[in-house]
Amino acid sequence: MRAKAVRPLSILLLLFFMALPAAGADDFDRLRRDASRISSLSADFVQKKSMKILSKPLVSTGKFFYAAPDSIRWEYVKPIRSIVISDRGTTKRYIASGGKMIEDKTGGAQAMKIVLDEVAGWMKGKFTANPTFAASVREGPETLIVLTPKGKNMAGLIEKIEITVSRKDAVVKTVRIVEGAAAETRIDFSHTVVNPVLPPAVFQDLP
Amino acid sequence: MNVRFLLILSLLLASCSSLPEIRPSADVTGKMSACPSPFVVQKTRFIHAIEAAMAGETRAVMIGVTVADPAARTLSCALLSPEGLVFFEASRTSIGTQISRALPPFDKVDVARGLMDDIELIFFEPPEAIDRAGVLDTGQAVCRRRLHNGGWLDIGKAPDGRILIQRYSKGGRLQRCVALAAGANPYAAIDLQAFEWTGYSLSMTLIESEAVPDEKILGK
């Protein structure tokens, strides 16, 4: 008797969950489709670094430029000027020294290449491409993508990365890198212009 | 050829390896108040832009955060890239040095210890008493301490008003030279020269500083 009563409920629940959109896959497809409309982008950013040793976040500001498929200029203006340019597979990092910008010949550029390649993927709506992270998506007023390290090789370095994407135009609005309980980096993008005309020099030259 | 090179090198090293003599001076000798003491007097957090160079060539630009507590003689420090990547985080207390994060080259114990020694040299007044005071041959007034490890530490004022801290080994070889800015805030600009086989220099420019009340730590 009881078994008969439960069966229709089970079927109803099954149908209900089948009717729900497939969580994740469809959302990532939509993000990729929406992001494909972005061929270039410029924005200002404010980076807030929080650490146990700091009483208040250390604030850095700068400018960000992107051109599809993978050209990026990531320029910090304050408190220290530094510029990372990634274009056609080559990444160069410039640091301020004695009032002028000089090329960083240490491994800093290669470390930043890994980061910029990842950011270029996000700009294209590719949040699931990196096998190091498991990606999940949460819909709300904005789309929230959470990247969580799969293995233990990120232990102590990154706990998770949260990326907020505008539902309106698939533009990345904030990136929050949680390193631990008392350390995180939050980057807020503002004054974002989608598909501006960016001269090639933006990704080749220093001002 | 090699013998000549070694001879020249030996002479050069010999010329650097003698502790400069201090002559008595009526202005300085016996007046310990004439000895500059630029060191922090209360728990303070400093954020500096740091330019690190080897062989005169800039190798890295970093952001350095230091919390120095002179009463407890404790130090906490962190080094970040301009992009916010933390590659060194450590603290030093009377118990010892604790390193919580160290990416290359700071993952080498000697490098990490040397870095913490440099920070201590810059911010903390040495516990040793002044041994003698006077003037160098250059005319520069200087106060000298005998360090507990057998070395020597001179603190004096350069003609341009900067405060010079010079640390010598037991044998009198100059190991470190720190120049602090002239004016009200000596920590506004700091230049450190390390005279080792792999010598390096740090040029530090103050971004901000603040007194730290106890327990004022983010995330606590």
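Below, read A as the first sequence line, B as the second, and so on, with proteins coming before strands; counting in each chain starts at 1. What's counted below: heavy atoms across the whole structure, side chains too, no hydrogens, waters or symmetry copies. Nothing here was measured: the structure is a model prediction, and the numbers come from that model.
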(request) Can you tell which part of I207(B) gets under 4.5 Å to a heavy atom of chain A, answering side chain, backbone, both or neither? (result) side chain
(request) Compare every heavy atom of M51(A) with every heavy atom of A78(B), then report the nearest pair and how far apart it is. (result) CB-CE, 3.7 Å
(message) Working to the nearest 0.5 angstrom, can you tell me the gap between R101(B) CZ and E179(A) CD?
(response) 5.5 Å
(request) Sort out for me which of T205(B), V65(B), I47(B), V67(B) touches chain A most, counting heavy-atom pairs under 4.5 Å. (result) V65(B)
(message) Between V115(A) and chain B, with a heavy-atom cut-off of 4.5 Å, which part of the residue counts as in contact: side chain, backbone, both or neither?
(response) neither
(request) Give a yes or no on this: more than 12 heavy atoms of other residues, nucleotides or ligands lie within 6.0 Å of atom NZ of K126(A). (result) no
(message) Only heavy atoms, only distances under 4.5 angstrom. Which residues in residues 79-90 of chain B are near chain A?
(response) L80(B), S81(B), P82(B), E83(B), G84(B), V86(B), E89(B)
(message) Rounded at 0.5 Å granularity, tell me how far CZ in R45(B) sits from CG in L54(A).
(response) 6.5 Å
(request) Look at atom CZ of R73(B) and say whether more than 12 heavy atoms of other residues, nucleotides or ligands are closer to it than 6.0 Å. (result) yes
(request) Would you mind checking which part of L58(A) comes under 4.5 Å of any heavy atom in chain B, side chain (CB onward), backbone (N, CA, C, O), both or neither? (result) side chain
(message) For a quick test of reading the model, state the closest non-hydrogen atom pair linking V61(B) to A96(A) and the distance between them.
(response) CG2-O, 3.3 Å
(request) Flag the one option from P79(A), S97(A), A183(A) with the top tally of heavy-atom pairs under 4.5 Å to chain B. (result) S97(A)
(request) May I ask you to list the residues in residues 147-160 of chain B that approach chain A closer than 4.5 angstrom, counting heavy atoms only, ordered by number? (result) none
(message) For the CD atom on E139(A), are there more than 12 heavy atoms of other groups (residues, nucleotides or ligands in this structure) within a distance under 6.0 Å?
(response) yes
